[in-house]
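Structure below; questions to follow.
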There are 2 protein chains.
Amino acid sequence: MNFQQLRSVREAVRRGFNLTEVAQALHTSQPGVSRQIRELEDELGVEIFVRVGKRLTGLTQPGTAVLPWVERLLQDAENLQRASEEFTHGSRGVLSIAATHSQARYALPTAVRDFRATHPNVQLRLHQGSPEQIAQMLLTGTADIGIASHRLAERHDLVALPCYRWTHSIVVPESHPLLADGPITLERLAQYPIITYDQGLTGRSSIDEAFGRAGLRPEIVLTAMDADVIKTYVELGLGVGILASIAMEDDHPAHPAKLRAVDARNLFAINTTSVAVRRGGLLRGFAYDFIHTFASHLTREVVESAQAAPGDAEPAPL
Amino acid sequence: MNFQQLRSVREAVRRGFNLTEVAQALHTSQPGVSRQIRELEDELGVEIFVRVGKRLTGLTQPGTAVLPWVERLLQDAENLQRASEEFTHGSRGVLSIAATHSQARYALPTAVRDFRATHPNVQLRLHQGSPEQIAQMLLTGTADIGIASHRLAERHDLVALPCYRWTHSIVVPESHPLLADGPITLERLAQYPIITYDQGLTGRSSIDEAFGRAGLRPEIVLTAMDADVIKTYVELGLGVGILASIAMEDDHPAHPAKLRAVDARNLFAINTTSVAVRRGGLLRGFAYDFIHTFASHLTREVVESAQAAPGDAEPAPL
DNA sequence: TATCCTTACGGAATTCGTAAGCATG
DNA sequence: CATGCTTACGAATTCCGTAAGGATA
């Protein structure tokens, strides 16, 4: 048994059982991968993959039982390396954070500023992406910390820890009729074209749910990944914007003052932003520091005990 | 990083940093071990061992941090293999149990009988030893299950689960003066020469404690590992026996009827017999079955969740 | 027929053990 | 001076990539 074999198996599962792809990902030849897998299967005495003809199509029952152990082994190997880095590189290192646009733009800056001040030797890398991409980055190790408002913890191998709660605001040009005639209701809102976030982003689901529950089907004329784009089109009069309050709260002189924000916490469900990390994955000390800077209740102990808690698909027997 | 390197490190720690011994244990050459360790240290970038001149004398601080991960890696590798065995060998396999004499002689037989009936294809191996030896057997993998009355869980890498509680009895020849003149007290007992278990065995400590607390220092003329030896010498009139009640309760026609047992539960503290397993170590399915047969409240779920609970020296950061 | 896995083969790199060297208690 | 680790070297093994073969959608 060796790590290359384990890597081949893990990657084969991740890449949908296409060994050619696996070979590219692992920077090796395809027959090599094929051999690694077969050798591990021989040594363990079980067929891990279902073979239809000469093609791999899925995991066998033993394969399903064995896979969690394979992943844990590889995870632990990385943890071992990371544990040593703490000594070899001291306070220096790279911290890779994956976040959605809203987080990167509005929530993270103060945490990043504070963190940079206390950890001058840590190189920060900020990746932007959709929640799915963030989850992927965490799993592949591209990112150490993921931050998003959308359930990142659907994967059993990630842990999401709630950071803070927030609500939406409605944004309109300053002369918009919605601003007159009393409080804004969902019904009134639905009469105007809506501009908001892309599906699966920044509390979009709570917007859809609210309208859905009220039996309303507003016309959503434009969706975007980020609040700034939304604001721009609201300003152009394309429609009414619905976005995270935080995107309006601050005093960014960047966005034109012609816009008016109306608190909409009573219209849409409360959203929660979480940080996510790999379950069972050791982080460098400064990564825990960053999380703590971002959300002060998330101390190293809290995060670690959450990471240690077993997930759905822990290594377990049949 | 490879498993041979990890094995070398683990074994070096276990064998007191003597690489010559390690080489023998791993069936390889001493320079080989030396190299494995150095290669791992190079790859991780940390010195794991303290070197005084050319001799290894202990773990460095990084070494201490890294070692738990090394052990976990190796443990998981074994778990992976064992998980596969469940498929390759089905219900067949070997179950190795280490127990003290008392357990093997009095507590285990019925469990073994029942287990054999339900698991005819499992080869049972029963090892006898002191609690320390049992702990050692568990750690080296010689035994899968350990059973003893003496705290086996002092090691962080073992988990002990209480099975049942028991008390001592006093054994004397049938005409012994202790049987007359009312109830037996510690004071009366201490006037006679005592025959009981070896130090560290089968509740011996609760006997010592009781006498100690009462300010008595009885003459212990003979100690043995097993109840049968004790009985034999009691019969010869060498002294008064103190042993586990279970050793007198049953109807073994083997021991002569000239002995009388007196319940001594009021004199000595209650003892607990536990089964111990490796923390984080997967067992074959039938091993869990055996534990359940031995102590019906210890279901697979109970045992596994105890095994999963983190010990004192879990892989953790500085 | 294009894709994808397996088998075959040969060269290269790694691995490992023996023997010699050297430091320490 | 005996024990114990390191270095050096050569042989054997293992490893891996290229090329060819065969099966499936």
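Proteins get letters first, then strands, A, B, ... in listed order; numbering begins at 1 in each. In what follows, every heavy atom counts, from backbone to side chain, and hydrogens, waters and symmetry copies are set aside.
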Could you check whether any side-chain heavy atom of A/Gln61 comes within less than 4.5 Å of a side-chain heavy atom of B/Phe87, counting everything from C-beta outward? yes
Heavy atoms under 4.0 Å, any strand shown: does B/Thr20 hit a base, just sugar-phosphate, or nothing? sugar-phosphate
Do A/Tyr197 and A/His101 come within less than 4.5 Å of each other through their side chains, counting heavy atoms only? no
So that I can tick it off, tell me whether A/Arg125 and A/Asp144 are bridged by a salt bridge, with the cut-off set at under 4.0 angstrom between side-chain N and carboxylate O. no
Measure from CG on A/Leu56 to P on D/dT24 and round the result to the nearest Å. 14 Å
Mind checking A/Phe49 for me? I need base, sugar-phosphate or nothing, with any heavy atom below 4.0 Å counting as a touch. nothing
So, OP1 or OP2 of C/dC5: does either fall under 4.0 Å of a side-chain N or O from A/Asn18? yes
What is the nucleic acid contact for A/Arg35, judged by heavy atoms within less than 4.0 Å: base, sugar-phosphate only, or nothing? base
Among D/dA19, D/dC5, D/dG22, the one nearest any side-chain atom of B/Lys54 is D/dC5
For A/Arg55 and A/Arg38, take the nucleotide of DNA chain C holding the closest heavy atom to each; which residue's nucleotide lies nearer the 5' end? A/Arg55
Using a 4.0 Å heavy-atom cut-off, does A/Gly32 contact any base of the nucleic acid, only the sugar-phosphate backbone, or nothing at all? nothing
Students often get this wrong, so: under 4.0 angstrom with heavy atoms, is B/Gln36 touching a base, only sugar-phosphate, or nothing? sugar-phosphate
So, is A/Thr28 close to the D/dC16 phosphate, meaning a side-chain N or O under 4.0 Å from OP1 or OP2? no
Using the ring of each side chain (for Trp, its six-membered ring), is B/Phe17 parallel, tilted or perpendicular to B/Phe49, with breaks at 30° and 60°? perpendicular
